[in-house]
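Okay, structure first, notes after.
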Amino acid sequence: MSDSPDTAVENIVLGQPTVGEEELAAVAEVFRSGWLAGAGPACRRFEERFAKAVGTQHALTTSNCGSALYLGLRVLGVKPGDEVIVSDYTFPATGHAVLQAGATPVFADIRPDTFNADPASIESLVGPRTVGILAVDVFGQPGDFDEYRAIADKHGLWLFEDAACSAGATYKTRPAGSLGDLAAFSFHGRKGITAGEGGALVSDREDLIAHARKLHTYGIEPAFNREGSDELPIPTFHEAGFNFRLSDVQAAIMNVQLDRLPELLATRRAAAKHYHDAFAGLDGVEVPVALPDREHPWQTYALMIAPELSRGQVALKLRERGIGCNFGTYSSHLQPVYGEQRPLPVSADVFARQLAIPMHSNLTDAQVERVATVVREVVTELS
Ligand SMILES: *Cc1c(COP(=O)(O)O)cnc(C)c1O
């Protein structure tokens, strides 16, 4: 249609899953096995392996991270009237889960360098109705879990990690997922390892995971757990559970993705390093901070655009030149669904100025190079 010279330019997308022949072969095997539903042998195998990888005793696969967050809050006993302190800067699935459990999210402001909840803000929000802290590893980099734990212990609160983007991340050598009493992961297509959709709830606490396992399958033990019994066990329903299962088709994909995690992380780490070096000293942008005591899995690479530049203009010019980009994530307290909230200046500022640029495990060195060059040119031109 258009005869603009830009039509010849290759588009470099913001995010993309890395899946291929190995995942297809694993899916074919599930087809042959006949067990396509959820909570079957492929899920069981992935749960055992994933728990080991994230350093917990137990893991439960779920339909997505939102259902894992909700199940986690339910098995922690969250109820109407309770308040849960939630990191403000996140995809709002985090706050939604608290609302869905009938409780009130109270949003904590963030650190300007890592975008994770600021421990001082959390501490200031603890009140008589506070039951726990739901802390997000923003873009996968773990928050300040030693400080979060100290606050939780001091006030008798539980600590729940939203580790949606964190597969492969570490905090002081401990894997993300093992940092709270519970953690929830996402396997959505935009995350570091993916089955298109999917999630997991992990914990050392057998009681919590056992309860969540029943709730995720309508309130009874999954059918696979009854296989092989020589009696005819007939389950009884004591609670109105849900179908929050991951299918075995998805679990088979996840088993391959888990094997590939080190390779996928290495590609993103190299891209992040290239970006860092390319943008060092470039006026108009600040690069994201990866703290030395944690491994950042780089689910997203987001620049902060200087206040004197128009982020919209930067985004428009990048897209014109075939470079995918978008805002970072959301300030929860600014979303109407949560009603009137106290102002959180750091989160609001980050929400207004952050711009994510291409970051995924299919990026070639040449593509990373081209993104870096175009970003430098656009920012310099608009400065
Ligand atoms: C993506 C994301 C979620 C939601 O994950 P789903 O699997 O889509 O439910 C929750 N929290 C954070 C921090 C996320 O990035």
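Values below: every heavy atom of this structure, side chains too, minus hydrogens, waters and symmetry copies. Atoms within a ligand are numbered from 1 in the order they appear, just like the ligands themselves.
Ion pair Glu377/Lys317 not flagged as a salt bridge, since none of the NZ, NE, NH1 or NH2 atoms sits closer than 4.0 Å to an Asp/Glu carboxylate oxygen. Checked for salt-bridge contact, Lys172 and Asp144 miss the test: no charged N lies under 4.0 Å from a carboxylate O. Salt-bridge annotation for Arg149 and Asp146: absent, with no side-chain N of the basic residue lying under 4.0 Å from a carboxylate O of the acidic one.
When the shell of 6.0 Å around CG of Asp365 is examined, it contains 12 or fewer heavy atoms from other residues, nucleotides or ligands.
For ligand 1, the protein residues placed under 4.0 Å by at least one non-hydrogen atom are Asn64, Cys65, Gly66, Thr90, Phe91, Ala93, Thr94, Val136, Asp162, Ala164, Cys165, Ser186, Lys191, Gly198.
Although no hydrogens or angles enter the test, the distance criterion places a donor-acceptor pair under 3.5 Å between the side chain of Arg311 and the main chain of Gln354.
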Practice problem: Go through the steps to decide whether Cys325 and Arg319 satisfy the test side chain to side chain contact (heavy atoms under 4.5 Å, CB included), and finish with yes or no. | Solution: CA-CA 7 Å; Cys325 58; Arg319 285 175 175 173; 3.9 Å; yes
